[in-house]
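Everything quoted here is computed from the prediction, not taken from an experiment.
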Amino acid sequence: MSKNTTKRKIKTSSIIGVLVGIAFIAVGIYNIIASRIDAKEYQNTTDIRTVSALVIACDWKGDTDSDGKEYTTAYDLKISFEVDGKPYTAKGMISASNSAFREDLRKGDTIDIQVYRTSKGKYKITPDNDPVDFLLAWAMIPLGAVFFLGVAHDLNPKIQEQTNESPASRRQKRGKGR
């Protein structure tokens, strides 16, 4: 009667999987909180202005129609503008619903864009509160939890006992085999 005790190794892929699950949860929570803070600040601001801004960087997001023609749906912008003599640089996204949106926007263009003053006195681009982005942030939390729980069981090293005894003889030794 010999017992062999073996420990299962913790795989690096399991650790990475757990970290990815935690990251999904953290990013989801961060995006929800950040979008709510931006929306509340915009709602409570006392100063909303339209300013002339210089496009420093412009990355377009697009889609294709049924004919295969690409069209722009939104832009990720980095802009420079001035309010009351103080220069600001801001990053933000404008979609087709924004009045500053143009189909042919490029680096170096000047656009009229709406900005608002935050509670700290700085100016930011008005938030583009897209409900799809908000729902995706909410979806990341349970997705991360499922991913985390699905891989976390591999992190618990289990001890496996291997014996040469039959189940009947083990029951007999415990006194239950009568």
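- For the pair Tyr88 and Gly121, the tightest heavy-atom approach, listed with the atom from each and the gap, is OH-O, 3.7 Å.
- The aromatic rings of Tyr116 and Tyr42 sit perpendicular, their planes meeting at an angle over 60°, well past the 30° parallel limit.
- Here the side chain of Tyr75 pairs a donor or acceptor atom with the backbone of Leu105 at under 3.5 angstrom.
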Checklist entry - side-chain contact (heavy atoms from CB on, under 4.5 Å) between Arg36 and Phe134: does it pass, once the steps are laid out? => result CA-CA 9 Å; Arg36 295 307 306 151; Phe134 192 72; 3.8 Å; yes
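- Inter-residue side-chain proximity for Gln114 and Ile48 is flagged as met; some heavy-atom pair is nearer than 4.5 Å.
- Residues Phe147 and Leu19 fall into different hydrophobic clusters, defined by Ile, Leu, Val, Met, Phe, Trp and Tyr side chains chained together at heavy-atom separations under 4.5 Å.
- Val146 and Ile29 fall into different hydrophobic clusters, where Ile, Leu, Val, Met, Phe, Trp and Tyr are joined by side-chain heavy atoms under 4.5 Å apart, directly or via other members.
- Between the side chain of Thr45 and the main chain of Arg117, a donor-acceptor pair closer than 3.5 Å is present.
- Side-chain heavy atoms closer than 4.5 Å link hydrophobic residues (I, L, V, M, F, W, Y) into clusters, and following such links, possibly through other members, connects Val151 to Ile22.
- Closest non-hydrogen pair, Ala137 versus Asn31, comes out as CB-CB, 3.8 Å.
- Cluster annotation: Leu136 and Leu143 are assigned to distinct hydrophobic clusters (Ile/Leu/Val/Met/Phe/Trp/Tyr, side-chain heavy-atom contacts under 4.5 Å, transitive).
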Checklist entry - side-chain contact (heavy atoms from CB on, under 4.5 Å) between Tyr30 and Met140: does it pass, once the steps are laid out? => result CA-CA 11 Å; Tyr30 173 79; Met140 287 181 79; over 6 Å; no
Next on the checklist: If you apply the rule side-chain contact (heavy atoms from CB on, under 4.5 Å), what do you find for Ile141 with Ile32, and how did you get there?
Outcome noted: CA-CA 10 Å; Ile141 296 170; Ile32 291 168; 3.8 Å; yes
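- A single hydrophobic cluster is not seen to contain both Ile37 and Met93; linkage of ILVMFWY side chains at heavy-atom distances under 4.5 Å, directly or through other members, places them apart.
- Contact between Thr118 and Lys124 at its shortest, heavy atoms only, is CG2-CD, 3.3 Å.
- In this structure, Phe24 places its CZ atom where only 12 or fewer heavy-atom neighbours from other residues, nucleotides or ligands lie under 6.0 Å away.
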Checklist entry - Are Thr89 and Lys78 close enough, and set up right, to give a side-chain contact (heavy atoms from CB on, under 4.5 Å), and what steps lead you there? => result CA-CA 7 Å; Thr89 302; Lys78 182 175 181 183; 3.6 Å; yes
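- For the side chain to side chain contact (heavy atoms under 4.5 Å, CB included) criterion with Ile79, the lone passing option out of Ile56, Val51, Ile113 is Ile113.
- Annotation: salt bridge (charged side-chain N to carboxylate O under 4.0 Å, His left out) contacts involving residues 40-50, sequence neighbours excluded, comprise Asp47-Arg49, Arg49-Asp84.
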